[in-house]
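Remarks on the structure that follows.
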Amino acid sequence: MIEVPYKHPAWIEIDLEQFKKNLQILKAYTGATVKLCVPVKANAYGHGLVPISKAAVVAGADYLGVSCLQEGIILRKAGITIPILVLGAIHSEQISDFITHDLEFTVASLFKAKLVAQECKMLNKSVKVHLEIDTGMNRTGMRVETARAALDFVRSESVFELKGVYSHLATADEPDNPFVMRQLELFINFLQENGLRDDPNVIAHIANSAGVAVTKAAHLDMIRPGILAYGYHPLPNMPTELQEIKSCFAVKAKVAYFKKVIAGHGISYNHTYKASRDAHIITIPVGYGDGLRRSLSNKGAILLNGKRYPIVGNVCMDQFMVDVGDDSAYVGDMVTIIGKNQDQNIPIEEHSNICSTITYEILCGFNNRLPRLYLNHTGAQWE
Ligand SMILES: *Cc1c(COP(=O)(O)O)cnc(C)c1O
């Protein structure tokens, strides 16, 4: 076990070697002609924006995907030099910053394209853009019927360097839903009709994680797998080549307090749990203020010395309690809140199921109060 040279008694552990291995598996699966864009938005799905982006660069990512200007600037200031694509909608007052920091961004309407052109002419600068086509997500992007005009405009204005054309899948993680194929067909038709399919200068991309797994036909020139890169399988039946992709995220803490609670006495706010007999109760210094979900109250569990114990009473902002029965535990003992402990495991999915949500929301819910410890083959490093 590694020493924890940090004074906070709870932390997130990221296995960077596993993360890089996931990216290598993805690259091997798509082959050398397909580029890899790693989505690192929302603090790299809770894994830490800068360290994950640096690891992605080392593992051979071609692009990083962020949601907004601010995330892109953080990466440039951290010394990342590979292409960065901002996936979210942009605002005209941000255009000069996109240029200054060499960030590629999304043009999702003719109206926006005209604003961008105007701004660029004023600044006497050019911009690298991707056009977004809406093939059925109905979030952002132009429908194929209207995208042609924006494409013509972008092609006619020398301020634009058209780097890519993309779309986003809405239902690729539903195994029996044929809609993914309809979106793909619509997108490929659009590309072909506009001479974009075989244009070596324009990157066509549509596949999120589920899209990568569902059909190789969706890989096109670049894939954008987020949740899969972090180790979570978007489909129940994954292609064999992708099955070695594994999660790299764990949450651990040291026991902060041990006490005996008398039979019949309530624990935590509102006494939602009452000790049925004299109980050994430990207190763990993590709470919903860190991103540990309050819905785990009386439903979740932790691991200590390779055994599972239940979370009892309401999870508080900074702490929660666990009933270890007749077992003993000592202040300073290490508990696993998410991840492996001896032959036991608490996967993210256990939390997302209890909380009736998706793995994504659990992951990016963990904020920066818990420090992140990055493990790699040379040792361990705090963020
Ligand atoms: C977040 C996002 C992705 C990644 O989605 P996953 O389901 O995590 O693979 C890909 N493309 C766009 C446009 C996104 O917003």
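Bear in mind that the values here come from a model prediction, so they are computed numbers and not experimental data. Counting starts at 1 for both ligands and their atoms, in listed order.
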Between [X] and [Y], do the side chains contain an N or O donor and an N or O acceptor separated by less than 3.5 Å?
X: His205; Y: Arg224; answer: yes
X: Asp15; Y: Tyr374; answer: no
X: Tyr288; Y: Asp318; answer: no
X: Asn376; Y: Thr378; answer: yes
X: Ser167; Y: Thr135; answer: yes
X: Glu104; Y: Tyr63; answer: yes
X: Thr283; Y: Lys259; answer: yes

Subject >> Atoms of ligand 1, numbered as shown, that sit under 4.0 Å from any heavy atom of Ile227 >> reply: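 Those qualifying, in numeric order: 6 (P), 8 (O), 9 (O).
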Subject >> Under 4.0 Å to a heavy atom of Pro225 - the qualifying atoms of ligand 1, by number >> reply: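 Those of ligand 1 that fall under 4.0 Å from Pro225 are 9 (O).
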Please list the nearest protein heavy atom to [atom] with its residue and the distance rounded to 0.1 Å.
atom: atom 12 (C) of ligand 1; answer: His168 CE1, 3.4 Å
atom: atom 8 (O) of ligand 1; answer: Tyr45 OH, 2.6 Å
atom: atom 11 (N) of ligand 1; answer: Arg224 NE, 2.8 Å
atom: atom 7 (O) of ligand 1; answer: Tyr360 OH, 2.6 Å
atom: atom 1 (C) of ligand 1; answer: Lys41 NZ, 1.3 Å
atom: atom 9 (O) of ligand 1; answer: Ser209 OG, 2.5 Å

Original post:
Hey, does His205 sit under 4.0 Å from ligand 1 if you only count heavy atoms?
Top reply: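 Contact check His205 vs ligand 1: negative.
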Original post:
Would Tyr230 count as a contact of ligand 1 if the rule is a heavy atom under 4.0 Å away?
Top reply: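 For ligand 1, residue contact (heavy atoms, under 4.0 Å) with Tyr230 is absent.
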**OP:** Would you kindly specify which portion of Arg139 sits under 4.0 Å from ligand 1, judged on non-hydrogen atoms: side chain, backbone, both or neither?
**Re:**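 It is the side chain that gets close, since no backbone atom is under 4.0 Å.
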Original post:
Could an N or O of ligand 1 be found under 3.5 Å from any N or O of Gly226, whether backbone or side chain?
Top reply: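 Between Gly226 and ligand 1, an N or O pair is found under 3.5 Å apart.
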Original post:
Side chains of Val335 and Lys252: closer than 4.5 Å at any heavy-atom pair?
Top reply: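 In short, these two side chains do not touch, never coming nearer than 4.5 Å.
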